[in-house]
Amino acid sequence: MVKEYANIMNCSVCGKGAEQAESNLCLIHARALLSVRQAYEVWATAFGGITPTDFLNRVARLKGTGRNAKEIVEFLQQHPERWK
């Protein structure tokens with residue numbers, strides 16, 4: 001009898017189990033990443049263009065940014081290739 005095992009990956013941000021192996025992010029950080037990307041689109045439109053690096057620096061300094069979003073921002077600053 002052959003058992004199938006799920007390829008469980010750990011979240012690249014917090015180390016907890018990742019829901020999707022291709023993203024290597026837990027559900028919480030995957031949602032935070034989606035929110036940060038959506039916010040970037042809004043900011044890019046509002047500011048008439050802003051680089052991802054400038055956006056991440058500004059969001060990191062905002063007092064109203066939540067913990068999970070700040071963790072994703074820090075992760076993206078350290079791993080800019082994951083922005084895509």
Side-chain angles (χ1 to χ4, degrees):
M1 180 174 195
V2 177
K3 292 183 180 180
E4 292 184 32
Y5 293 97
N7 187 10
I8 299 175
M9 304 291 291
N10 289 334
C11 178
S12 298
V13 178
C14 67
K16 294 181 182 175
E19 292 289 320
Q20 299 173 339
E22 67 272 3
S23 69
N24 290 355
L25 297 173
C26 66
L27 186 58
I28 291 169
H29 286 112
R31 287 181 181 166
L33 177 60
L34 179 62
S35 294
V36 167
R37 285 181 174 158
Q38 290 172 340
Y40 172 72
E41 295 300 324
V42 172
W43 280 45
T45 300
F47 285 103
I50 185 171
T51 66
T53 301
D54 191 27
F55 167 76
L56 293 173
N57 289 334
R58 290 179 185 211
V59 170
R61 291 190 308 261
L62 289 175
K63 291 184 182 186
T65 303
R67 187 187 81 216
N68 296 324
K70 282 193 184 247
E71 290 172 350
I72 279 293
V73 166
E74 182 179 317
F75 175 76
L76 290 171
Q77 288 173 321
Q78 294 172 1
H79 306 279
E81 71 280 1
R82 293 293 301 267
W83 179 256
K84 299 174 185 176

Exercise. Does I72 share a hydrophobic cluster with W43, counting links as ILVMFWY side-chain heavy atoms below 4.5 Å and allowing steps through other members?
Worked result: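 In one cluster: yes.
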Side-chain heavy-atom pair [X], [Y] within 4.5 angstrom cut-off:
| X | Y | result |
| --- | --- | --- |
| D54 | F47 | no |
| H29 | F75 | no |
| E74 | Q78 | yes |

Problem set entry | L56 CG to K70 NZ distance, which is reported to the nearest 0.5 Å | 12.0 Å
For this session: First locate atom CD1 of I28, then atom CZ of R67, and finally report the distance between them rounded to the nearest 0.5 Å.
Result: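 One finds 7.5 Å between CD1 of I28 and CZ of R67.
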Without placing hydrogens or testing angles, list every side-chain donor-acceptor pair under 3.5 Å for residues 33-41, not counting sequence neighbours.
{"unit_1": "S35", "atom_1": "OG", "unit_2": "R31", "atom_2": "O", "d": "3.2"}
{"unit_1": "R37", "atom_1": "NE", "unit_2": "W83", "atom_2": "O", "d": "3.2"}
{"unit_1": "R37", "atom_1": "NH2", "unit_2": "R82", "atom_2": "O", "d": "3.0"}
{"unit_1": "R37", "atom_1": "NH2", "unit_2": "W83", "atom_2": "O", "d": "3.0"}
{"unit_1": "R37", "atom_1": "NH2", "unit_2": "K84", "atom_2": "O", "d": "2.7"}
{"unit_1": "Y40", "atom_1": "OH", "unit_2": "I50", "atom_2": "O", "d": "2.6"}

